[in-house]
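Computation of the quantities below employed the complete heavy-atom set of this structure, encompassing side-chain atoms and omitting hydrogens, waters and symmetry-equivalent molecules.
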Amino acid sequence: MKPFIIILAVLFVGLTPASAQFIRLPSQRIKSVTINEFTSNIGLSQTTKQYAHSMIGFTTIEGIQLNGNAVVALGTGISFYNGGPLLPIFIDLRLNCYNYAKYTTYLYGDGGFLFQISNKIEYSKLFINPGIGLKYELSRNLAGNFGLGFFVQQGTWRDSFISLKLGISFSPQR
């Protein structure tokens with residue numbers, strides 16, 4: 001009787017992990033996402049100061065998409081202001097709100113640091129950029145996106161902008 005119980009126990013212990021290969025866990029619905037965007041900011045007040053009038057730039061964001069509704073990512077790029085270039089390093093959060101056919105509206109929030117490329121630390125800043133966007137599915141892996149937001153940066157003084165984003169996101173299928 002003991003050898004029979006031992007054989008059953010060994011089979012149970014061996015087959016249980018094997019049967020788990022067919023179960024799809026929620027964590028397996030995580031996909032990688034790459035977002036490349038052209039950004040532009042238009043200053044709202046005191047635009048005569050350096051880094052307060054306007055900005056154009058390019059950012060690349062790499063992250064994960066959770067359950068198709070949220071994206072958590074890290075990004076960097078280059079931003080050209082009226083006072084010179086700054087290097088952004090930030091966290092990007094996006095939450096899909098409404099889907100209709102190939103269109104998806106989303107809320108986004110970026111926040112991080114803007115670093116002066118030269119040695120002048122006085123122009124390095126913190127920033128936050130909340131907004132709303134529209135994504136259009138171009139193919140199964142590619143989507144075009146457009147965002148409109150409010151960009152605020154804080155350094156020696158605070159500057160505010162209207163921000164525009166235009167980009168492409170890529171998410172490989174598994």
Side-chain angles (χ1 to χ4, degrees), residues 30-100 102-138 141-172:
I30 296 173
K31 297 189 290 186
S32 65
V33 177
T34 301
I35 304 168
N36 294 315
E37 292 180 323
F38 289 104
T39 59
S40 177
N41 293 347
I42 302 164
L44 293 176
S45 66
Q46 297 184 3
T47 57
T48 57
K49 293 185 179 181
Q50 285 187 331
Y51 303 98
H53 184 267
S54 61
M55 182 277 288
I56 59 169
F58 177 77
T59 59
T60 186
I61 303 163
E62 186 68 38
I64 56 173
Q65 183 173 5
L66 307 170
N67 298 330
N69 292 327
V71 174
V72 178
L74 294 173
T76 189
I78 186 80
S79 300
F80 297 99
Y81 285 81
N82 60 314
L86 294 178
L87 176 73
I89 297 175
F90 58 95
I91 295 174
D92 184 89
L93 304 171
R94 296 177 188 222
L95 180 64
N96 292 345
C97 297
Y98 180 73
N99 295 332
Y100 178 75
K102 291 186 172 194
Y103 294 95
T104 303
T105 59
Y106 62 91
L107 299 174
Y108 70 87
D110 298 341
F113 302 95
L114 291 163
F115 293 103
Q116 173 71 8
I117 295 174
S118 71
N119 294 333
K120 294 182 182 179
I121 195 70
E122 68 186 71
Y123 294 119
S124 295
K125 302 172 179 284
L126 295 170
F127 77 91
I128 188 167
N129 183 17
I132 188 166
L134 180 66
K135 181 170 69 172
Y136 178 73
E137 186 178 315
L138 299 169
N141 298 342
L142 287 175
N145 52 13
F146 172 77
L148 179 65
F150 184 66
F151 187 94
V152 178
Q153 62 189 22
Q154 176 70 46
T156 308
W157 56 88
R158 182 178 306 154
D159 303 311
S160 55
F161 302 84
I162 297 292
S163 71
L164 303 167
K165 296 182 173 200
L166 182 62
I168 283 207
S169 61
F170 174 73
S171 179

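Residues Ile91 and Leu74 have side chains in contact (heavy-atom distance under 4.5 Å, counting atoms from C-beta outward). Side-chain contact between Asp159 and Phe151 is absent, with no heavy atoms from C-beta onward closer than 4.5 Å.
Counted within 6.0 Å of CD1 on Ile56, heavy atoms from surrounding residues, nucleotides or ligands total 12 or fewer; the atom is thus considered open. Within a 6.0 Å radius of CZ in Phe58, other residues, nucleotides and ligands contribute more than 12 heavy atoms. Heavy atoms of other residues, nucleotides or ligands lying less than 6.0 angstrom from CG of Leu134 number more than 12. When the shell of 6.0 Å around CZ of Phe170 is examined, it contains more than 12 heavy atoms from other residues, nucleotides or ligands. Within a 6.0 Å sphere centred on CZ of Phe113, other residues, nucleotides and ligands contribute 12 heavy atoms or fewer.
A pairwise comparison of heavy atoms in Tyr108 and Leu148 identifies OH-C, 3.5 Å as the closest pair. For the residue pair Tyr81 and Gln153, the shortest heavy atom distance occurs at OH-OE1, 2.9 Å. Across all non-hydrogen atoms, the minimal contact from Ile78 to Pro85 is CD1-CB, 4.1 Å. When all heavy atoms of Thr76 and Pro88 are compared, the pair lying nearest together is OG1-O, 2.9 Å. Counting all heavy atoms, side chain and backbone alike, Ile89 lies closest to Phe127 at O-CE2, 4.5 Å. Contact between Ser169 and Asn145 at its shortest, heavy atoms only, is CB-ND2, 4.5 Å.
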Yes or no on side chain to side chain contact (heavy atoms under 4.5 Å, CB included) for Ile64 and Val33, after CA distance, side-chain angles and deciding distance?
CA-CA 5 Å; Ile64 56 173; Val33 177; over 6 Å; no
Would Leu95 and Leu93 count as a side chain to side chain contact (heavy atoms under 4.5 Å, CB included) if you check the C-alpha gap in whole Å, the side-chain angles of each, and the deciding distance to 0.1 Å?
CA-CA 7 Å; Leu95 180 64; Leu93 304 171; over 6 Å; no
Side chain to side chain contact (heavy atoms under 4.5 Å, CB included) for Arg94 and Thr104? Distances and angles first, verdict last.
CA-CA 12 Å; Arg94 296 177 188 222; Thr104 303; over 6 Å; no
Evaluate the criterion side chain to side chain contact (heavy atoms under 4.5 Å, CB included) for residue pair Ile30 and Gln65; output intermediate values, then yes/no.
CA-CA 6 Å; Ile30 296 173; Gln65 183 173 5; over 6 Å; no
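Between the Asn36 side chain and the Ile168 main chain, no donor and acceptor come within less than 3.5 Å of each other. Distance alone, capped at 3.5 Å, is enough to place a donor-acceptor pair between the Ser171 side chain and the Ser32 backbone.
Taking OG1 of Thr60 as the start and CD of Glu37 as the end, the distance is 9.5 Å to the nearest 0.5 Å. With values rounded to the nearest 0.5 angstrom, Asn67 atom CG is found 10.5 Å from Lys31 atom NZ. To the nearest 0.5 Å, atoms CG (Asn129) and CZ (Phe150) are separated by 9.5 Å. Atom CD of Glu62 is separated from atom CG of Asp92 by 11.5 Å, given to the nearest 0.5 angstrom. Between atom OG of residue Ser160 and atom CD1 of residue Ile128 there is a gap of 13.5 Å, rounded to the nearest 0.5 Å. For the atom pair Thr59 OG1 and Lys165 NZ, the distance stands at 6.0 Å (nearest 0.5 Å).
Each of Asn41, Val152, Asp110, Ile42 was checked for a side chain to side chain contact (heavy atoms under 4.5 Å, CB included) with Ser163, and the lone residue meeting it is Asn41.
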